[in-house]
Each structure stands twice: as C-alpha cells, then as structure tokens.
Amino acid sequence: MDILTYIVENFSTLLDLTIQHIVIVFSSVFIAILTGVPLGIIICSSRIASRIVLGAATVLLTIPSIALFGVLIPILSPIGHGIGTVPAVVAVVLYSLLPIVRNTYVAISGLDSALMEAARGIGLRPWQRLFWIELPMAVPMIMAGVRIAVVSNIGVAAVAAYVGAGGLGRLISRGIAQSDPRQLITGAVAIALLAVLIDLVLLQVQRLLTSPGLRRRAGGAS
Amino acid sequence: MSSSALRSGLVKLLQESLPLLLTALVCWFIVVATGNEEAFADHWEDITYLAREHVVITLQGFLPAAVAGLALGVLLSRPRLRRVAEPVIQLLNIGNTIPSLAVIALSMTVLGLGTPPVVLALCLVALLPIVRNTYVGLTTVPPDFLEAGAGMGMLPRQVLVQVELPWAFPAIMAGLRTGISLAVGTAPLAFLIGGGGLGQLIFSGIAVYEFGTILSGAIPVILLALLADLLIGLLAQLLTHPHTGT
Amino acid sequence: MIDIENLSKVFSSNNRDTFAADRVSMRIAAGETCVLLGPSGCGKTTILKMLNGLIPRTSGTIRINGRDLDDFDIAELRRSIGYVVQQICLFPHMTIEQNVSIVPRLLKWDKARTRRRAAEVLATVGLEPGHFLHRYPAELSGGQQQRVGVARAIAADPPVLIMDEPFGAVDPINRESIQDEFLAMQQRLRKTIVFVSHDIDEAVKMADKIALFRAGRLEQFAAPDELLAHPASDFVADFVGKDRELKRLALIRVGSARVADAPALSQDRTVEEALALMNAQGREHLTVLDGAGRPVGYVTQARLSAGVPAATLESAMTPATSVSLDDNLRTAVSNMFRGDIGWLPCTDGEGRFDGEISQAAITHRLGQTYRERR
C-alpha cells in the first residue's frame with residue numbers, strides 16, 4: 001500500500017505532471033493538425049508529391065523516439081533548445097504528421113469521383129467543395145488519424161522526460177534512477193491509464209464530429 | 001530465373017531500400033554538419049559491439065512474440081474459442097495503447113534489472129499486433145472459401161493450412177511488421193533497466209550532453225529500425241510471389 | 001432554348017485524336033425534352049457535360065437562351081442549370097433538406113425562403129416533406145434517392161435541366177413509375193431538358209426530340225415517331241431495332257386509330273336484337289354495355305347463330321376488357337394478345353363506351369406515315 005500513500009501524498013505533483021503531459025501532447029498534435037491537414041489536401045493534386053511526403057512521414061514513424069530525440073538535440077541546440085520541452089514538441093509534431101497527413105490524403109483522394117463531379121456540376125466553387133463536401137466527409141478519417149497520433153504520442157512524451165521535458169515520464173525516470181518502485185509503478189500506470197482514457201474520449205469526439213449520415217453508412221457497412 | 005526477372009527484382013530491391021539509403025545520407029549529413037565525424041569514428045568499436053547486442057535482444061524479444069502471437073491468433077480464431085476471443089481482442093486493443101516506456105518500467109518491477117525484463121517487455125510489446133492481425137486475418141476469410149474447402153473434403157486442419165492461412169497471409173505479415181517495428185523502437189530503452197544495446201550511447205550522451213556520443217547511438221538505431229522494416233517487407237514479398245522472384 | 005453550333009470535342013492520347021463530338025449542330029426549343037441517344041462511347045455524355053462546362057469544348061459555340069457559354073461565370077452557369085446524374089450523388093453527410101437546399105444556399109436565398117422551397121420541391125417529386133426533410137440519403141431507397149436528386153436539380157427553379165442517364169440506377173420495376181411521374185411533372189413545369197439515355201424505349205417514352213449519335217456524329221435529330229418511321233440511315237434503323245414499328249405503338253394514342261361507329265347494345269337486350277343489328281351493319285361482333293354505358297362484354301355472330309339457350313345478352317355474352325382512348329396502342333395490342341381477340345371496345349374519360357379499336361385499324365394507322373411520304 002506504499003503506492004497509495006505515495007499517490008495521496010504527492011497528489012498535486014502527480015496532477016501537475018499529468019497536465020504537463022497532456023499539454024505537450026495536445027499542443028503538438030494541434031500544430032500537427034494545422035500543418036498536416038492542409039498538407040494532406042495539397043498533396044492530393046500531385047502523385048509525386050504525395051509519394052514523397054507520405055514516404056518521408058513513414059520513414060519518420062519508423063524511427064524510435066529516443067533516437068529521434070538524439071538527432072534533434074544537436075540540431076536544436078544552436079537555437080538554445082537542445083534539451084527541454086522544444087525537442088519533445090518537435091518530435092511529437094513529426095510523429096503525428098504521418099497519421100494525420102495520410103488519413104487526410106486517403107480520405108480526400110478516395111472520395112467518389114462521380115460525387116465530386118456532381119458537386120462541380122451543381123455549381124460549387126473549389127473552396128466551397130473543400131469546406132462543404134470534402135472536409136466534412138473526411139472528418140471521420142482525419143479524426144481517426146488524430147486519435148492514433150495522440151495515443152501513440154503519449155508514449156513519446158513519456159520518453160521525452162529523458163531530454164528534460166516535463167510530464168509523467170519524470171516519475172519513471174526518477175523511479176528507475178532512485179530504484180523507487182512507488183514512483184515507477186505510479187508513473188507507468190498513470191501513463192497507461194491516460195492513453196486508454198484519452199483514446200476513449202477521442203473516440204467519442206470523433207463520433208460527435210461525424211455527420212449522422214456518414215455514421216449510419218459506416219454502421220451499415222460493417 | 002530469367003535475366004529480366006532478375007533485373008526487375010533488383011530494381012524492386014533498390015526501390016524498397018531507397019528510404020534506408022536516403023535516411024543514411026541525411027544522417028551522415030547531420031554528423032558532418034555538427035562536426036562529429038571524429039567522435040563517430042572514435043566510438044566505432046562501441047557501436048559495433050552494442051549494435052550486435054541490440055540486435056540480439058530485439059530478436060530475443062521478437063521471435064518468441066512471433067511464434068506465440070501466431071499460435072494465439074490461430075487459437076482465438078477457432079470456432080470453439082470465438083466467445084472468449086472478442087473480449088480478449090478488446091483487451092489487446094487496450095493493451096496496445098499502453099506506451100512502451102510504461103511496459104519497460106512495469107516489467108522491471110516484476111523481474112528486476114538486466115536482460116530478462118527487457119526480453120519480456122519487448123516480447124509483450126511485439127505480441128499484441130501479431131495476435132490481433134492474425135486473428136483478424138483469419139476471421140475475415142469469406143465463408144464461401146471455407147465452404148468450398150470443406151466441400152472438397154478437407155479436414156479442418158487442411159482448411160486452416162490451405163485456405164485460411166494463405167488468405168490471412170498479408171494481414172499476418174503486416175502484424176509481424178508492426179510487431180518488429182515496436183520491438184525495435186522499444187529496444188533502445190533497454191539500457192534504462194540494464195539491458196544494454198545502443199541506448200547506452202544515446203542516454204549516456206544525453207547525460208553528459210555530448211552530441212558525438214548521442215549521434216553514435218541514435219543513427220545506428222535509426223538505420224537498424226529501417227533495415228528491420230525493409231527486411232520484413234522483402235520477406236513478405238518473397239513469400240507472396242515465390243515463383244516470380246520479386 | 002439551347003443552341004449548339006459546330007460543337008466539337010477532341011480527346012488526344014498517344015498522338016491519336018478521337019472525336020467525342022464532331023461538328024454537332026442542334027437546337028433545343030424552350031420547354032422541350034431532348035434525349036441524347038446512342039451506344040456507349042458515342043459522345044452523348046461528353047456533349048451533355050459540355051453544356052455545363054464540366055468538359056471544355058475544343059471548338060464550336062453553345063448558347064443558352066441566346067447567351068454564349070463563354071460569357072457566363074462557370075459556377076453561376078451551373079447554378080442556373082439543374083443537374084441530375086445516374087449515380088444520384090446525394091451528399092451523404094447532409095440531410096435531405098440540406099441536399100435539396102444546396103443551390104438556393106449558393107444563390108444566397110434567405111433562410112425562410114430556402115426552407116419553404118425545400119419542402120415544396122420534395123412534394124413536387126412525390127416525397128412527403130415532413131417524413132423526409134431531416135433524414136439522410138443512406139436511409140432512403142434507390143428510387144427515393146433518385147427523386148431527391150431531381151428535387152435538388154429543380155430546387156432553384158432553373159429554366160434548363162440536364163440529366164445523365166437519370167433513371168439508370170433505379171431498378172426496372174420502379175423505373176417505369178418514376179418515368180411516368182417525371183413526365184407528369186414536366187407537363188406542369190415545362191423545363192428545357194437535355195437527357196442522356198442509351199435505352200431507345202426510354203427515349204421514345206420521354207422525348208419530344210431524339211438526337212441519335214454515333215462516334216461523335218449526330219446521325220439523326222427528329223421527333224420519336226419520325227425517327228422510328230423514317231430512320232435516316234442504316235445505323236439509325238439498326239439502333240432503333242427490327243421491332244421499331246412495335247415501338248411506335250407506344251407513341252400513338254388509341255383515340256387516333258379508333259373506329260367510331262361501332263355497334264353496341266345494352267345487356268338487357270335480347271339475342272335476336274343483337275343478331276339483327278350485326279346483320280344490318282355487316283359486323284361479326286358487338287359490344288355489350290351495362291346500364292351506365294360501360295362495356296362489360298361482347299357477343300359474336302358465329303356464337304349467337306349457333307344457338308344459345310339465353311334470352312338476354314347479359315347471360316349470352318363473353319366478358320371483355322376495354323382500353324381507354326388515352327392509352328397508347330401498345331397497351332391496346334397487349335390487351336388484345338392477352339384476351340386472344342382481334343379488337344377491343346374503347347372507353348372515354350368516364351369509362352363509357354366510345355367506339356372500338358381493331359388490329360386492322362392499328363395497322364392502317366401505322367402505315368399512314370408511309371402513305372403520306374409516297
């Protein structure tokens with residue numbers, strides 16, 4: 001029961017670290033959405049661009065997180081941010097780009113061409129097609145990408161504690177360094193719980209943002 | 001094998017290894033741009049030794065995961081176990097969201113420091129996608145195929161080997177690919193609980209803020225990860241088209 | 001009114017030019033339905049899509065109500081032309097109301113007017129607005145979706161409608177009734193309609209004018225009866241089929257082939273009276289009527305002369321079907337075949353007896369156009 005007493009005694013620290021963790025992940029994913037969705041839309045118009053961008057993003061995702069931090073440190077140190085929150089945010093943004101760009105690209109390039117021609121034939125201008133038809137229809141896919149990005153990057157942000165970023169990874173790094181199973185287990189369980197909970201919450205958000213017309217269709221297909 | 005098949009095979013190989021080659025180029029550029037060629041050369045002995053260790057622990061974790069994952073996926077997909085299968089898969093899906101650092105840390109609390117907790121953690125991390133993909137692949141075989149197999153007089157085991165597994169093959173290979181990439185991604189963390197590997201250079205480099213040491217660990221890790229992905233991708237293609245040699 | 005002059009479209013691939021439209025000229029009058037007909041790959045869809053600029057022209061001019069296509073802003077032009085496609089293409093993430101309101105919204109109608117109009121057009125295509133407005137396309141059957149597709153096209157009341165095989169995706173059972181409803185709607189709305197089809201029967205049924213294409217060339221541009229009776233080339237004759245005379249049946253109303261002075265008697269008259277009447281007029285048969293003058297059966301001279309143990313026609317007659325003057329000859333012939341009989345009594349709008357129609361009269365009516373030509 002050491003762990004419970006530890007949690008109770010350090011509750012405010014725990015809360016702080018959790019909030020730090022969430023802030024790192026969500027602000028980075030937010031940046032990734034702002035850049036990734038437009039990127040995914042733009043590359044729809046060029047096969048070569050889409051292959052290059054998606055290929056690069058796939059390579060990026062294959063790179064283990066601590067190795068990416070390792071490469072980012074020498075790159076970011078000239079601007080004074082080799083260690084700290086900045087490499088964490090940069091890494092999470094980079095990792096989040098692939099699922100977001102790819103899902104945006106797949107959703108929009110996969111739209112029924114007859115449907116898009118009908119949209120043109122009715123008299124929608126390009127911007128109107130994007131905002132009235134393409135994006136609303138791509139929302140479920142884009143949100144699925146966002147969900148994957150957020151959940152997988154909760155783990156990346158945990159490792160970021162080793163390059164000096166805050167968050168729940170601190171508990172694990174300290175737990176290992178001090179051979180303190182209380183911090184270690186609290187940290188590991190808290191991160192695992194956070195990932196599972198946020199996945200559930202985002203699933204609900206995805207459902208809310210999806211038009212009921214698309215939801216029924218998806219439901220009918222499965 | 002004809003020469004044209006050989007040539008197209010070589011072109012394919014080059015295409016597939018392009019990401020690895022380009023990444024190596026970029027990494028080398030970073031090493032040169034930050035002025036760390038010498039440090040890299042100084043660490044060469046460490047790099048080769050630790051890389052070997054790195055590969056060994058990754059395989060020690062991945063191979064049992066591959067065998068167990070396949071077996072478990074096949075078992076769960078049998079009609080007799082269908083009722084327990086769904087909750088188990090749900091559980092695996094949840095398990096899949098648990099970050100690898102947490103898995104490593106929890107493994108340490110059970111098995112202490114050293115290689116055993118690392119192998120356990122890598123095995124667990126790789127296991128989940130393999131089980132899930134095998135199960136999904138096997139349960140989405142069109143019923144017509146199963147009936148056709150049974151109708152020809154195949155025994156359940158023959159249906160499994162000759163109909164179901166070939167159908168599920170791409171899904172199974174995708175699971176193995178995800179599994180190995182997760183194991184490779186987690187392996188650098190092994191150093192934290194005394195498991196060795198290239199993580200040693202990265203973490204100790206960060207601790208003393210020495211770019212040369214960090215890069216000596218990080219770059220081989222990156223290249224090994226891409227190499228593992230490349231190899232399993234090639235393996236999948238070889239097994240899919242054994243006669244064309246592509 | 002749509003004026004097409006020397007319209008050409010060339011697709012180039014592998015240094016080879018293919019004409020999807022080859023110097024096509026035609027004029028579609030306001031309020032007319034023109035069906036673009038032809039085998040697949042003949043360019044009919046390409047020509048249709050050039051009308052709203054979905055496919056750019058290679059050369060030639062298109063004028064809509066006197067205004068050259070080049071003078072339109074392309075999006076504005078499309079909003080003034082209702083567009084219906086085969087795949088229906090309702091936007092799945094929008095409710096039926098949002099789908100139908102899309103062009104009024106583009107035209108910046110105010111909310112109240114848009115809403116009123118959405119309900120109105122749904123009613124026009126035969127869908128109960130209260131039941132359908134807030135549903136999503138996936139909840140509707142194929143036929144209902146097609147009606148919504150038409151409603152969306154006419155929502156902003158465009159003078160021109162272009163339709164690309166609009167009923168192609170509807171199952172054959174519902175297609176007939178949707179075509180009928182569409183015809184009735186067109187009777188009221190009187191839009192200028194350009195309609196692509198590959199089905200000669202559909203074209204004959206829907207069109208005021210048929211434009212038949214082959215490999216981008218306009219082979220014949222004529223009213224359906226003219227096309228069937230006087231194909232301009234062997235290709236046209238082939239395309240409309242060996243049974244083209246049978247197809248013409250669908251175009252001619254029973255009324256125009258009817259024999260007016262046919263004998264009929266009320267069912268309470270006697271067999272002797274019937275025989276006398278038939279002898280007097282030199283007929284083989286006569287129609288038996290009920291008290292209200294509606295045909296209920298017939299008697300033939302052969303049977304009555306053979307001696308029937310009945311006093312009145314009511315018990316001596318054979319029950320018969322009839323055909324309305326407004327039906328077409330195809331229905332009449334079909335009923336004759338079904339009853340194994342060479343003639344049918346005709347009825348007026350109230351179902352009362354009004355002459356009869358016979359196979360000889362139909363043959364005579366179909367031959368009329370050829371005698372006039374000679």
Side-chain angles (χ1 to χ4, degrees), chain A residues 55-56 58-75 77-78 82-83 147-148 150-164 168-169 171-173 175-177 179 181-200, chain B residues 18-20 22-23 26-27 30-31 33-36 93-109 113 181-182 184-189 191-193 198-199 201-203 205-207 209 211-226 228-230:
Chain A
T58 309
V59 169
L60 216 64
L61 205 67
T62 316
I63 296 174
S65 54
I66 188 66
L68 184 61
F69 287 128
V71 174
L72 285 175
I73 289 171
I75 294 175
S77 72
I83 292 287
R147 224 177 90 219
I148 295 169
V150 169
V151 171
S152 59
N153 280 303
I154 285 173
V156 174
V159 176
Y162 281 95
V163 295
L168 289 165
L171 288 176
I172 294 181
S173 70
I176 292 174
S179 296
R182 293 175 315 167
Q183 293 189 51
L184 197 92
I185 292 178
T186 308
V189 170
I191 291 171
L193 274 181
L194 190 65
V196 172
L197 279 180
I198 286 185
D199 192 35
L200 287 177
Chain B
L18 205 61
L20 178 64
L22 285 177
T23 310
V26 171
C27 288
I30 291 171
V31 171
T34 54
N36 283 305
N93 280 339
I94 293 173
N96 214 18
T97 59
I98 299 174
S100 50
L101 184 65
V103 178
I104 284 262
L106 290 173
S107 176
M108 181 185 120
T109 61
L113 294 173
S181 118
L182 284 174
V184 168
T186 312
L189 303 177
F191 166 74
L192 295 175
I193 56 171
L198 287 162
L201 288 170
I202 305 177
F203 283 106
I206 292 172
Y209 208 57
F211 299 161
T213 314
I214 298 176
L215 289 176
S216 307
I219 289 172
V221 164
I222 291 173
L223 298 182
L224 276 178
L226 289 173
D229 193 55
L230 171 66

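Sequence lines set the chain letters: A, B, ... in the order given, protein chains first and strands last, and positions in each chain run from 1.
Heavy-atom distances place the side chain of B/Leu215, and not its backbone, under 4.5 Å from chain A. Using a 4.5 Å cut-off between heavy atoms, B/Ser100 does not touch chain A at all. Of the atoms belonging to A/Ile191, heavy atoms from both backbone and side chain fall under 4.5 Å from chain B. With a 4.5 angstrom heavy-atom cutoff, B/Ile193 touches chain A only via side-chain atoms. Only the side chain of B/Ile206 has a heavy atom closer than 4.5 Å to any heavy atom of chain A.
Highest contact tally toward chain A, considering only B/Gly185, B/Gly199, B/Cys27, is held by B/Gly185 [criterion: heavy-atom pairs under 4.5 Å]. Heavy-atom pairs under 4.5 Å with chain A were tallied for B/Thr186, B/Leu192, B/Leu226; the largest tally goes to B/Leu192. In terms of non-hydrogen atom pairs under 4.5 Å with chain A, the most contact-rich of B/Leu223, B/Ile222, B/Ile98 is B/Ile222. Listed options A/Val196, A/Val151, A/Val71, A/Ile66 were ranked by heavy-atom pairs under 4.5 angstrom with chain B; first place goes to A/Ile66.
A distance of 8.5 Å separates OG in A/Ser173 from CG in B/Leu101, rounded to the nearest 0.5 Å. To the nearest 0.5 angstrom, B/Leu224 atom CG is 9.5 Å from B/Leu20 atom CG.
Counting heavy atoms from C-beta on, the side chains of A/Val156 and A/Phe69 come closer than 4.5 Å.
Under the side chain to side chain contact (heavy atoms under 4.5 Å, CB included) criterion, A/Leu200 pairs with no residue at all, not counting sequence neighbours.
For B/Ser107 (side chain) and B/Val103 (main-chain N/O), no donor-acceptor pair under 3.5 Å exists by modelled atom type.
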Check your understanding: Could you walk me through whether A/Val59 and B/Leu22 pass the side-chain contact (heavy atoms from CB on, under 4.5 Å) check?
Key -> CA-CA 10 Å; A/Val59 169; B/Leu22 285 177; over 6 Å; no
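Using bins of under 30°, 30° to 60° and over 60° for the plane-to-plane angle, the ring pair B/Phe203/B/Phe191 lands in the parallel bin.
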